[in-house]
There are 2 protein chains.
Amino acid sequence: MQTNIENGTKRDLNRENILKIAREIFSKYGYKKTTLDDIANAVRKGKSSLYYYFSSKEDLFQAVIMKEVEILAHELEIVINRNTDPVDKLRDYILTKLTTFRSLANFYHAIENDVTAIEFIEEIKRRYEQDEIRMIKRILIEGVRKNEFEIYDFNLAAIGITTAIKGLEMPLSAGNYGAVNLERSVDTILKIICYGIMKR
Amino acid sequence: MQTNIENGTKRDLNRENILKIAREIFSKYGYKKTTLDDIANAVRKGKSSLYYYFSSKEDLFQAVIMKEVEILAHELEIVINRNTDPVDKLRDYILTKLTTFRSLANFYHAIENDVTAIEFIEEIKRRYEQDEIRMIKRILIEGVRKNEFEIYDFNLAAIGITTAIKGLEMPLSAGNYGAVNLERSVDTILKIICYGIMKR
DNA sequence: TATTTTTCGACTAAAAAAGGCGATCAAAGT
DNA sequence: ACTTTGATCGCCTTTTTTAGTCGAAAAATA
């Protein structure tokens, strides 16, 4: 019944393989420095063959990013559905997001001057911001129901927290402090948020 | 008295800085994928300015490699002049060479198809092979003087050992086994060499 | 101020890359 | 065997990038 595996088999399998390898190369060299020949060689196909699966370099790149984003979304979904304390859930959510995001950041790297790619990624971020707000809101609502949070305007709160997370993301894509106190930063911010949120 | 620092000051300083940064970028992306603009931006100069210091991209690249080679040569010189047991010296020599060589190997990486660069590096290797043989010979001679080795044809022995070392280098530049039993490999080969060499 | 060193922007020629297209090749189904 | 459809590839064109040039203009030095 699984269309992906039963139906378009070969084609989809090839596609997936290309995506997997393209991901590696893109993340290593960035969009601009990666050529379709690089990818084609790596998958042991002619460059032309790539066009059988993707309509353009940008199309391929977007597919790679999309897949990455889906993985992230999936992981976040799992975190959100775990039956944990709302505070922990908030914490896990943020940490998962940032950790996975770090790998996405590799795509930024060396893209720098490449306007097209950056704009595309920004576009994706914008689009997923709404989802993010929604997810945060769910956590907040759950927190209130469990009588741990005390919030009057969910929307505003969710937006605020989302903004805070964005603040944490920035140094990941811009500057390059590797494994720096990511966790510590999160906890600090979380503490601030909580003490203005927790029921006393 | 130090001409480098006292005389051509500014120019040489700039040159050195360019070399340093170029080294990083080359080793990251390889010769082909590195553009002069990449380097120029990194050193905060216009691309044209680079041509004031180097006559071409290849010239710059060669200068980078040269510097790397000199560093290696210097380190080897130190090892050779240390007052250690000949066997240890041989061991240290090989290990130092291979370790430093590993960083050089980065320049290979992503060069793969780039014939020009590869040929140039090969050329350097060829040129330094003579030096290498000479150094090994010094160690062997010292070993005999200290009554630890028993060798009849220094030249042949030195050439043989040099060849063995080359064998160890190969997987470093070609394949990519990172921190793999380098030391173990060296010891093994060394053991073989010694038991055919050591006075009993 | 005159001279020399250093930087750079604008330009060109050459190389590399993206992308297109039709000819093949391989695998199914008939 | 043979026709159809899916997949690959080589060759070609067009566009983009890149190395490299040159003269003019800053900056530094004398």
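Chain A is the first sequence line, chain B the second, and so forth, proteins listed ahead of strands; every chain is numbered from 1.
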B/S/- contact track for nucleotides 16-30 of chain D, protein heavy atom under 4.0 Å
--SBBBB-----SS-
How close or far is atom [atom2] of [N] from atom [atom1] of [X], stated in whole angstroms?
X	N	atom1	atom2	value
A:R15	D:dG6	CZ	C1'	16 Å
B:K45	C:dG9	NZ	C1'	16 Å
A:I39	C:dA17	CD1	P	12 Å
A:Y53	D:dA7	OH	P	5 Å
B:D12	C:dT5	CG	C1'	13 Å
A:L60	C:dA18	CG	P	10 Å

Going hydrophobic residue to hydrophobic residue with side-chain gaps under 4.5 angstrom, can you get from A:M66 over to A:L19?
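Per the 4.5 Å side-chain linkage, A:M66 and A:L19 are co-clustered.
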Are the charged groups of B:D131 and B:R134 less than 4.0 angstrom apart, N to O?
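Yes, B:D131 and B:R134 are salt-bridged.
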Is A:E77 salt-bridged to A:R138, cutoff N-O under 4.0 Å?
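Looking at A:R138 together with A:E77, the answer is yes, because their closest N to O distance falls below 4.0 Å.
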Are any of [X]'s side-chain N or O atoms less than 4.0 Å away from OP1 or OP2 of [N]?
X	N	result
B:S49	C:dC8	yes
A:R11	D:dG6	no
A:Y52	D:dA7	yes
B:N14	C:dT7	yes

Less than 4.5 Å apart, side chain to side chain, heavy atoms only: is that true for A:R23 and A:K67?
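Result no, sub-4.5 Å side-chain heavy-atom pair not found.
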Regarding A:F54, tell me which of base, sugar-phosphate or nothing describes its non-hydrogen contacts under 4.0 Å with the strands shown.
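Nothing, no heavy atom under 4.0 Å.
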Using 30° and 60° as the class boundaries, would you call the ring planes of A:F26 and A:F61 parallel, tilted or perpendicular?
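Answer is perpendicular, since the angle exceeds 60°.
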What do the steps show when you test A:E142 against A:F149 for side chain to side chain contact (heavy atoms under 4.5 Å, CB included), and what is the final call?
CA-CA 9 Å; A:E142 187 188 341; A:F149 295 161; over 6 Å; no
Residues A:E132 and A:Y93: side-chain donor-acceptor under 3.5 angstrom
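Short answer, yes.
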